[in-house]
Amino acid sequence: MVSTFSERCYDLLRKVPRGRVTTYGEIALALGSGGARAVGQAMNKNPYAPQVPCHRVVLGDGKIGGFASGVKRKIEMLRNEGVVVVDGKVVDFDNKFLGFRVPKTL
DNA sequence: CTAATGACATTTG
DNA sequence: ACAAATGCCATTA
């Protein structure tokens with residue numbers, strides 16, 4: 001396989017600009033899967049270290065979720081990019097959330 | 001192929 | 001709102 005599920009996640013996540021955040025569920029749907037856990041698995045194994053902003057991925061509720069190097073580290077990086085996190089939740093999450101799936105031009 | 005795991009999401013009490 | 005249970009999907013043993 002030249003393009004595994006994980007690689008697709010990285011490629012998609014790579015498009016996320018700085019100061020923006022996305023959710024596992026959105027990525028999963030964007031890849032044609034409803035398994036947000038599968039995305040998290042890919043992030044955990046993420047061989048494409050700092051290249052891929054895996055720290056910009058949070059839960060669908062705006063929560064941070066987890067991180068391979070420690071949730072605290074994730075929050076620190078996010079705060080460094082302009083994403084404020086309080087009580088383990090992203091501030092203005094809905095405003096900073098970035099959807100992948102192309103919206104239906106209705 | 002089956003079973004187990006995991007950085008989630010949704011529903012129910 | 002929080003905790004527990006169930007569902008969903010990809011990866012690994």
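Bear in mind the structure is a predicted one, so any value in this text is a computation, not a measurement. Values below: all heavy atoms of this structure, side chains included; hydrogens, waters and symmetry mates excluded.
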> Does A:K63 use its side chain to pair, donor to acceptor, with the backbone of A:D87 at less than 3.5 Å?
Replying inline: no
> Just how far is it from atom CG of A:L31 to atom OG of A:S3, taken to the nearest 0.5 Å?
Replying inline: 11.0 Å
> Could you state the CG-C1' distance from A:D87 to C:dA1, rounded to the nearest angstrom?
Replying inline: 12 Å
> Among pairs that include at least one residue of residues 49-58 of chain A, which meet salt bridge (charged side-chain N to carboxylate O under 4.0 Å, His left out), considering only residues two or more places apart or in two chains?
Replying inline: A:R56-A:E81
Report all interatomic pairs (protein N or O, nucleotide N or O of nucleotides 6-9 of chain B) with separations under 3.5 Å.
unit_1, atom_1, unit_2, atom_2, d
B:dG6, O4', A:Q41, NE2, 2.5
B:dG6, N7, A:R37, NH2, 3.4
B:dG6, N2, A:R37, O, 3.4
B:dG6, N2, A:A38, N, 3.4
B:dA7, N7, A:N44, N, 2.9
B:dA7, N6, A:M43, O, 2.5
B:dA7, N3, A:Y24, OH, 2.9
B:dA7, N3, A:G66, O, 3.3
B:dC8, N3, A:R37, NE, 3.3
B:dC8, N4, A:R37, NE, 3.1
B:dC8, N4, A:R37, NH1, 3.2
B:dC8, N4, A:R37, NH2, 3.0
B:dA9, OP1, A:G60, N, 2.6
B:dA9, OP2, A:G60, N, 2.9

>> With a 4.5 Å cut-off on side-chain heavy atoms, are A:Y10 and A:Q51 touching?
In response: no
>> Test question: given the 4.5 Å side-chain rule for I, L, V, M, F, W and Y, name all other residues clustered with A:V85, or answer none.
In response: A:V21, A:V58, A:I64, A:V71, A:I75, A:L78, A:V83, A:V90, A:F93, A:F97
>> Less than 4.0 angstrom between a side-chain N/O of A:S33 and OP1 or OP2 of C:dC8, yes or no?
In response: no
> Rounding to a whole Å, what distance do you find between A:L31:CG and C:dT11:C1'?
Replying inline: 15 Å
